[in-house]
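Have a look at the structure below before the remarks.
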Amino acid sequence: MTADRATQTAMAAATDSGTSRYEMRIGASWCPSVSGATFDTANPYTGVPWATVPDGVPADVDAAVAAAQAAQDGEWGRMTGFERAALMHRLADILARDAEELAATETRDNGKLLREMRGQMEYMPAWLRYFAGVADKLQGEVIPSDRPNFMIYTRHEPVGVVGAIVPWNSPLMLLMWKLAPLLAAGCTVVVKPSEYTPVSALEFARRVEEAGVPDGVFNVVTGRSAELGRALVEHPGVRHVAFTGSPAVGIKVAQGAAKHFARVTLELGGKSAQVVFPDADLDHVVNGVIAGIFAATGQTCVAGSRLVVHRDVRDDLVQRLVQRASTIVLGDPTDPATEMGPLANPAQFATVSGFVQRAVEAGARIAAGGRPDAERGDLFYRPTILTDVDPDMEVATQEIFGPVLSVLDFDTEEEAIRLANSTEFGLGAAVWTNDIRRAHRVAHALRAGNVWINAYRVVAPNVPFGGSGASGWGRESGIDAVREYTETKAVWIELGGQTRDPFVLG
Ligand code: NAD
């Protein structure tokens with residue numbers, strides 16, 4: 001099915017202005033906001049508004065949390081892990097069937113390449129299937145007692161209603177990283193997608209309904225204001241907040257959740273380093289560095305935005321990268337030949353331009369790009385490589401979230417590790433070398449939750465993903481991710497029938 005036809009077959013009704021109208025999903029209802037307000041979302045490539053969605057308010061969050069709690073207390077809460085797993089497999093089948101349609105929606109909303117979004121949508125069901133396999137194995141254990149008259153066992157119970165807040169860069173994939181383990185754990189969820197990409201979560205909700213997941217398990221509130229996200233984070237009925245976004249908002253989320261002791265996972269930004277030693281295979285390095293910083297127009301949390309390269313190979317590598325960057329095809333994200341699409345919104349465009357301009361003023365040199373590409377469209381920015389970057393410059397320490405690579409160089413392994421670890425982030429890193437000892441030694445020394453050796457930007461449902469420092473708290477994916485959504489309960493059973501001294505512990 002083509003992208004256009006896919007979008008036309010979406011559930012939405014047409015509005016007078018020609019956009020498709022969507023409603024929120026709360027409990028069993030498709031509904032407008034109680035405010036009655038709506039807003040339009042635009043296609044970043046064409047700049048044309050294409051969908052109208054409810055502009056939610058805190059009262060909508062109240063209704064959604066109540067619906068999620070009702071499902072938790074109702075049919076869903078009574079289901080066994082085996083029953084939940086069956087529903088998760090059914091949803092996975094539906095998502096696999098509709099991967100093309102969902103990919104088209106994502107591309108319309110965030111401007112990323114259709115081929116990237118298609119890849120994400122085709123892989124996404126794997127998370128549901130992996131965690132469906134966990135849902136029926138959430139077993140506790142019998143703990144040997146240190147006294148003869150007790151038996152003790154543990155249960156892993158769902159934490160309850162989860163508030164899931166996701167950004168615009170990979171809306172459904174990042175939602176899935178939360179959804180699959182929380183469904184396995186038996187939780188329910190209220191999702192608040194980004195104001196820039198509100199539609200795909202609503203399209204997703206339709207598939208959840210079709211799969212037969214009980215009403216109220218999956219709720220979506222859309223809206224433009226930060227107040228809406230804040231209302232979800234601070235809602236006393238939300239027991240865990242699963243957030244993906246910027247460090248600045250992450251701090252607010254942690255503070256808001258702390259007010260009512262909700263648990264929090266934070267997947268935040270990064271300033272990931274690709275560390276290149278002189279013995280590395282430079283053809284592979286070029287490919288990995290390009291994938292790390294120019295794929296997704298650099299709008300990915302694990303963007304390999306710092307190249308930390310040995311002085312002996314720096315000039316050769318930079319020359320090859322400049323050559324490859326100059327041939328990157330910018331254009332229509334739905335065209336299979338396109339390699340880089342636009343930035344996702346005007347604010348993002350201004351951020352990227354501002355970083356580059358200030359870097360040049362501070363003494364950095366533009367080796368490639370460093371300018372918009374107005375011929376392609378308003379939000380296009382050329383793949384940019386900056387040399388003569390000082391490690392203290394903001395382009396070397398702060399997340400840009402765009403196609404801008406900063407080159408730093410080193411002479412010794414110690415210097416490479418120090419440079420790579422010199423930001424407040426700790427999300428991704430790569431080591432490029434053919435020396436197996438050095439590869440592992442450096443991988444162990446790098447402060448990052450995900451380290452790739454002679455590769456970059458690979459993820460899987462069974463592998464923990466996350467960061468430390470300003471990159472966040474907790475892990476998504478991997479078998480332990482389900483523990484983020486469970487409370488462990490210890491149950492003590494007195495077997496002897498005796499009384500004991502009430503004034504002594506134990
Ligand atoms: P953002 O922090 O601006 O927004 C993220 C979400 O938070 C949006 O849905 C937004 O509406 C909501 N929000 C805004 N203010 C809020 C508040 N006060 N309370 C609650 N919610 C609020 O981030 P963004 O610009 O949408 O996304 C880019 C950021 O996301 C980058 O920093 C990127 O690195 C990060 N990211 C991290 C990962 C990861 O897995 N570590 C993945 C993708 C993106």
Side-chain angles (χ1 to χ4, degrees), residues 39 41 44 53 55-56 58 61 109-110 112 120 163-178 190-201 220-235 238 241-259 262 264-272 293 296-305 343-352 398-402 423-428 448-450 457 459 463-478 481:
F39 69 104
T41 178
V53 298
D55 197 4
V61 169
D109 241 1
N110 72 4
K112 276 170 111 172
Q120 286 191 8
I165 299 178
V166 285
W168 45 264
N169 65 324
S170 296
L172 288 186
M173 189 65 150
L174 297 171
L175 169 59
M176 179 55 80
W177 290 9
K178 298 160 180 43
V190 177
V191 180
K192 198 217 72 74
S194 166
E195 55 277 27
Y196 293 113
T197 53
V199 177
S200 60
V220 183
V221 291
T222 55
R224 261 183 305 190
S225 73
E227 200 193 351
L228 192 67
R230 203 177 309 125
L232 182 58
V233 168
E234 296 185 6
H235 197 291
V238 169
V241 181
F243 174 79
T244 301
S246 61
V249 177
I251 290 172
K252 292 183 191 164
V253 166
Q255 289 170 337
K259 289 184 192 168
V264 178
T265 36
L266 300 175
E267 293 289 354
L268 309 177
K271 191 72 192 175
S272 303
I293 188 63
T297 318
Q299 300 172 120
T300 155
C301 53
V302 289
S305 52
L343 289 159
N345 55 64
Q348 202 51 36
F349 182 84
T351 301
V352 171
Q398 293 182 28
E399 182 180 49
I400 300 174
F401 220 58
T423 75
E424 60 178 342
F425 296 101
L427 191 58
N450 316 276
R457 204 166 170 246
V459 294
V463 182
F465 179 91
S468 60
S471 295
W473 293 344
R475 294 293 179 269
E476 295 188 321
S477 303

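Since we're looking at a predicted model, the values are computed, not measured. What you see below is based on every heavy atom in this structure, not just the backbone, and it leaves out hydrogens, waters and symmetry mates. Just follow the structure's listing: the first ligand is 1, and inside any ligand the first atom is 1.
- For the pair Ala481 and Arg475, the tightest heavy-atom approach, listed with the atom from each and the gap, is CB-O, 4.0 Å.
- Residues Pro198 and Phe39 share a closest heavy-atom pair of CG-CZ, 4.1 Å.
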**Request:** Could you please spell out the steps behind the side chain to side chain contact (heavy atoms under 4.5 Å, CB included) verdict for Thr197 and Thr41?
**Result:** CA-CA 7 Å; Thr197 53; Thr41 178; over 6 Å; no

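- Side-chain contact between Ser477 and Val459: absent, with no pair of heavy atoms (C-beta onward) separated by less than 4.5 Å.
- Gln299 has its side chain out of reach of Asn110: every pair of non-hydrogen atoms, C-beta onward, lies at least 4.5 Å apart.
- Residue-ligand proximity, Phe465 to ligand 1, at heavy-atom distances under 4.0 Å covers atoms 40 (O).
- Under 4.0 Å from ligand 1, heavy atoms of Thr244 appear from its side chain as well as its backbone.
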**Message:** Could you walk me through whether Val190 and Val238 satisfy the side chain to side chain contact (heavy atoms under 4.5 Å, CB included) test, starting with their C-alpha distance in whole Å, then the side-chain angles of each, then the deciding distance to 0.1 Å, before giving a yes or no?
**Reply:** CA-CA 9 Å; Val190 177; Val238 169; 5.8 Å; no

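- Taking only nitrogen or oxygen atoms, main chain and side chain alike, Ser471 does not reach within less than 3.5 Å of ligand 1.
- Among the atoms of Lys252, none of the N or O lies under 3.5 angstrom from an N or O of ligand 1.
- Side-chain contact between Asn169 and Lys112 is present, with at least one heavy-atom pair separated by less than 4.5 Å.
- Under a 4.0 angstrom heavy-atom cut-off, Tyr196 registers as lying outside contact with ligand 1.
- Contact annotation: the side chain of Asn450 approaches that of Phe465 to within less than 4.5 Å [non-hydrogen atoms, C-beta and beyond].
- Every atom of ligand 1 with a heavy atom of Pro167 under 4.0 Å away is listed here by number and element: 24 (P), 26 (O), 27 (O), 44 (C).
- The single protein non-hydrogen atom nearest to atom 16 (C) of ligand 1 is Val249 CG1, 3.4 Å, given as residue, atom name and distance.
- Within ligand 1, the atoms closer than 4.0 Å to a non-hydrogen atom of Asn169 are 43 (C), 44 (C), numbered from 1 in the order shown.
- With atom 41 (N) of ligand 1 as the reference point, the heavy atom nearest to it among Asn450, Leu268, Thr265 is part of Leu268.
- Residue Ser246 holds the heavy atom nearest to atom 2 (O) of ligand 1 of all those in Ser246, Ala296, Cys301.
- For ligand 1, the atoms lying closer than 4.0 Å to a non-hydrogen atom of Ala226 are 15 (N), 17 (C).
- The protein heavy-atom contact nearest to atom 12 (C) of ligand 1 is Ile165 CG2, 3.7 Å.
- Residue contacts with ligand 1, taken as heavy atom pairs separated by less than 4.0 Å, do not involve Glu476 at all.
- What sits closest to atom 20 (C) of ligand 1 on the protein, heavy atoms only, is Gly229 C, 3.4 Å.
- The part of Val166 lying near ligand 1 is the backbone, judged by heavy-atom distances below 4.0 Å.
- Annotation for Ala303 and Gly298: closest pair CB-O, 3.7 Å, computed over non-hydrogen atoms.
- Each of the following atoms of ligand 1 lies closer than 4.0 Å to a heavy atom of Gly269: 32 (O), 34 (O).
- Within the 4.5 Å cutoff, the side chain of Phe425 has no heavy atoms near those of the Leu268 side chain.
- For atom 33 (C) of ligand 1, the closest non-hydrogen atom of the protein is Phe401 CE1, 3.2 Å.
- Donor-acceptor pairing under 3.5 Å is lacking for the side chains of Lys178 and Thr265.
- Nearest heavy-atom pair across Ser194 and Pro167 is CB-C, 3.7 Å.
- Proximity of atom 25 (O) of ligand 1 to the protein is indicated by at least one non-hydrogen atom lying closer than 4.0 angstrom.
- Glu399 OE2, 2.6 Å is the protein heavy atom nearest to atom 34 (O) of ligand 1.
- Scanning the protein for heavy atoms near atom 35 (C) of ligand 1, the closest one is Gly245 O, 3.2 Å.
- When only interatomic distances are considered, the shortest N/O to N/O separation between Trp177 and ligand 1 does not fall below 3.5 Å.
- Heavy-atom proximity to Leu174, at under 4.0 Å, picks out these atoms of ligand 1: 42 (C), 43 (C).
- Shown in contact with Arg230 at under 4.0 Å from a heavy atom are these atoms of ligand 1, numbered in order with element: 19 (N), 20 (C).
- Side-chain contact between Ser170 and Thr300: absent, with no pair of heavy atoms (C-beta onward) separated by less than 4.5 Å.
- Every atom of ligand 1 is numbered from 1 in the order shown, and the set under 4.0 Å from a heavy atom of Glu195 is 10 (C), 11 (O).
- Of all non-hydrogen atoms in Ile400 and Gln348, the two that sit nearest each other are O-NE2, 3.5 Å.
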